[in-house]
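Let me begin by presenting the structure, written as structure tokens, before commenting on it.
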Amino acid sequence: MDELTSLERSLTGASGHGLPLKERLERLVSVAARGRAGTAERPPSRRPVPIEELIQGERVENERGEFFLVEADLHLDFRHGGVSLSRFQAVAPESPFILTGDSEFYSFDLAQAVFLDTETTGLAGGTGTAAFLVGVGYVKDDRFRLRQYFMRDYHEEAALLRGLAEDIRGFRHLVTFNGRIFDIPLLEARYRLNRDRFPLAEALHLDLLPPARRLWKERLESCRLQSLEAALLGVMRQGDVPGEDIPEIYFDYVRTRDGRALARVLDHNRIDVLSLAALSALACQWVEDGLADDPRDAYSLARVFERVALHDRSDAQYRRVLASAASPVRNASLLRMAERARRSGELGQAVEWWREAAEHGD
């Protein structure tokens with residue numbers, strides 16, 4: 001055993017054999033720093049409880065090694081907050097196109113998509129960051145299948161990635177939340193480091209964050225996933241793990257093999273996948289039904305329809321805003337309608353709306 005491997009085992013409880021040297025060193029520095037910071041507050045030692053005793057799952061072996069898999073099947077009648085997962089089966093084919101403004105998404109099928117969310121060893125990305133937990137969900141017959149792929153130590157990463165690839169390779173539609181910026185580039189990098197290719201590299205990828213901002217940012221202070229699920233689904237998490245604490249919880253688990261805190265991370269990831277799926281269905285329902293009780297939501301819907309030249313539906317939402325005299329987006333709606341009237345040659349109507357906007361201080 002070389003000195004580096006010996007040091008890794010003493011600090012983390014396992015070697016980083018097979019990882020790039022830079023990543024092994026970053027891992028040691030991080031663990032050592034936390035150890036120094038936490039020495040004064042560390043509680044008395046207690047018997048570590050393995051994750052296998054806390055969460056029902058199975059050890060899965062393949063040609064790359066072993067990882068831990070957690071599975072759950074929910075009937076499509078299951079409601080996550082106020083949304084039934086059966087809503088996937090009723091999504092109109094044009095709804096994802098309206099949400100994204102991209103014709104590629106016409107007939108994007110949520111019932112044929114895989115919903116994906118990761119928990120990682122860092123929040124900034126980079127080659128030193130790994131996805132230690134990947135949660136996916138997808139429709140199978142009359143069930144919504146949830147699968148969580150967990151590496152109990154770094155040497156299980158290759159097996160996790162291979163197992164994930166084998167299960168999702170057949171999907172052609174992918175849904176994430178901010179995954180275009182974070183989750184997918186990270187997974188692509190990890191597959192490359194393991195001399196493999198991300199199985200959904202060619203899948204049509206719906207990142208729900210941009211459509212969510214278009215629909216709800218006028219009214220909601222935050223469009224984070226947890227904020228949206230609370231405001232729109234009525235899901236209130238109890239005892240949830242803050243996202244910024246998750247990397248440290250995993251490092252502590254690798255060092256101590258105590259899975260008590262980590263079990264909450266798996267629960268956090270499971271709810272993330274369910275909320276991603278439910279919010280995707282809800283967003284489609286909003287554009288189909290014109291759900292907008294608040295004038296700010298009506299204004300947002302009008303802008304979404306306007307982007308794809310659905311002017312009748314857009315005008316209907318703008319007029320709902322104008323019916324509310326005290327709306328903070330009333331003048332913005334007047335100016336949008338005036339501009340479209342100007343472009344279509346209806347100058348008299350445009351002048352009327354400009355004059356009304358001016359009278360209200362614009």
Side-chain angles (χ1 to χ4, degrees), residues 81-83 87 90-108 177-178 180-181 206-234 279-362:
V83 175
R87 178 68 198 175
V91 170
E94 70 273 12
S95 296
F97 155 65
I98 296 172
L99 285 173
T100 61
D102 186 339
S103 59
E104 272 196 317
F105 286 87
Y106 200 95
S107 296
F108 183 97
F177 196 88
N178 200 33
R180 195 173 298 278
I181 300 298
L206 171 59
D207 186 336
L208 189 62
L209 178 58
R213 284 173 171 162
R214 294 189 198 106
L215 284 176
W216 298 307
K217 72 176 180 180
E218 289 290 341
R219 175 166 60 92
L220 302 180
E221 292 184 6
S222 170
C223 283
R224 294 173 61 248
L225 183 65
Q226 287 86 348
S227 300
L228 293 176
E229 70 183 17
L232 300 169
L233 303 176
L279 285 167
S280 299
L282 182 65
C284 290
Q285 186 178 357
W286 271 60
V287 299
E288 291 163 22
D289 300 343
L291 295 175
D293 293 331
D294 190 292
R296 293 166 294 182
D297 292 334
Y299 175 76
S300 297
L301 268 176
R303 296 293 306 274
V304 167
F305 291 138
E306 195 172 35
R307 288 178 76 245
V308 292
L310 293 174
H311 296 308
D312 289 345
R313 296 172 73 177
S314 177
D315 286 350
Q317 296 299 327
Y318 281 135
R319 292 182 186 281
R320 294 182 69 186
V321 177
L322 298 187
S324 176
S327 169
V329 291
R330 192 172 192 278
N331 270 15
S333 297
L334 285 167
L335 294 176
R336 297 296 303 182
M337 294 179 71
E339 177 60 17
R340 194 156 72 246
R342 183 192 68 81
R343 291 180 179 178
S344 64
E346 301 175 56
L347 298 184
Q349 180 64 76
V351 168
E352 286 185 26
W353 280 325
W354 280 326
R355 182 178 290 116
E356 186 175 350
E359 289 173 353
H360 288 83
D362 195 293

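Values below: every heavy atom of this structure, side chains too, minus hydrogens, waters and symmetry copies.
The shortest heavy-atom contact between Leu233 and Leu282 is CD2-CD2, 4.1 Å. Shown here for Ala231 and Leu220, the closest heavy-atom pair between the two residues is CB-CD2, 3.8 Å. Residues Ala212 and Cys223 approach most closely at O-SG, 4.1 Å, considering heavy atoms. In plain terms, the two heavy atoms of Gly101 and Val308 that are nearest each other are CA-CG1, 3.6 Å. Here the closest non-hydrogen pair linking Ala302 and Ser314 is O-OG, 3.0 Å. The two residues Leu215 and Ala283 come nearest to each other via the heavy atoms CD1-CB, 3.8 Å.
Screening residues 319-334 for salt bridge (Lys or Arg N to Asp or Glu O under 4.0 Å) gives Arg330-Glu356 as the qualifying pairs, with residues at least two apart or on separate chains. Legend: ring pair (Phe, Tyr, Trp, His ring centres under 6.0 Å) pairs involving residues 282-336, not counting sequence neighbours, sorted by first then second residue: Trp216-Trp286. A side chain to side chain donor-acceptor pair (under 3.5 Å) check over residues 94-105, counting only residues at least two apart or in different chains, returns the pairs Ser95-Glu288. Under the salt bridge (Lys or Arg N to Asp or Glu O under 4.0 Å) criterion, the residue pairs touching residues 209-225 are Arg219-Asp297, with sequence neighbours excluded.
With salt bridges taken as basic N to acidic carboxylate O contacts below 4.0 Å, none links Arg355 and Glu359.
Side chains of Phe105 and Leu99 form no contact here, defined as non-hydrogen atoms less than 4.5 Å apart. For the pair Gln317/Val304, no side-chain contact is recorded, criterion being any heavy-atom separation below 4.5 Å from C-beta on. At least one side-chain heavy atom of Leu225 sits under 4.5 Å from a side-chain heavy atom of Leu279. For the pair Val91 and Pro96, the minimum side-chain heavy-atom distance is below 4.5 Å.
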task: For the pair Leu334 and Trp354, evaluate side chain to side chain contact (heavy atoms under 4.5 Å, CB included) and give the outcome as yes or no after the intermediate values.
output: CA-CA 7 Å; Leu334 285 167; Trp354 280 326; over 6 Å; no
Going through the distances and angles, do Glu339 and Arg342 end up as a salt bridge (Lys or Arg N to Asp or Glu O under 4.0 Å)?
CA-CA 5 Å; Glu339 177 60 17; Arg342 183 192 68 81; 2.7 Å; yes
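Between the CD1 atom of Ile98 and the SG atom of Cys284 there is a distance of 9.0 Å, given to the nearest 0.5 Å. Note that CD of Glu306 and CE of Met337 are 9.5 Å apart. Values are rounded to the nearest 0.5 Å. A distance of 8.0 Å separates CG of Leu228 from CG of Leu208, quoted to the nearest 0.5 Å. In this structure, the separation between CG on Leu206 and CZ on Arg180 is 8.0 Å, given to the nearest 0.5 Å.
Dense packing is recorded around CG of Asp289, with more than 12 heavy atoms of other residues, nucleotides or ligands lying under 6.0 Å away.
For Glu229, the side-chain hydrogen bond (donor to acceptor under 3.5 Å, both in side chains) partners are Arg237, Ser275, not counting sequence neighbours. Scanning for side-chain hydrogen bond (donor to acceptor under 3.5 Å, both in side chains) contacts around Ser344 gives Glu346, with sequence neighbours left out.
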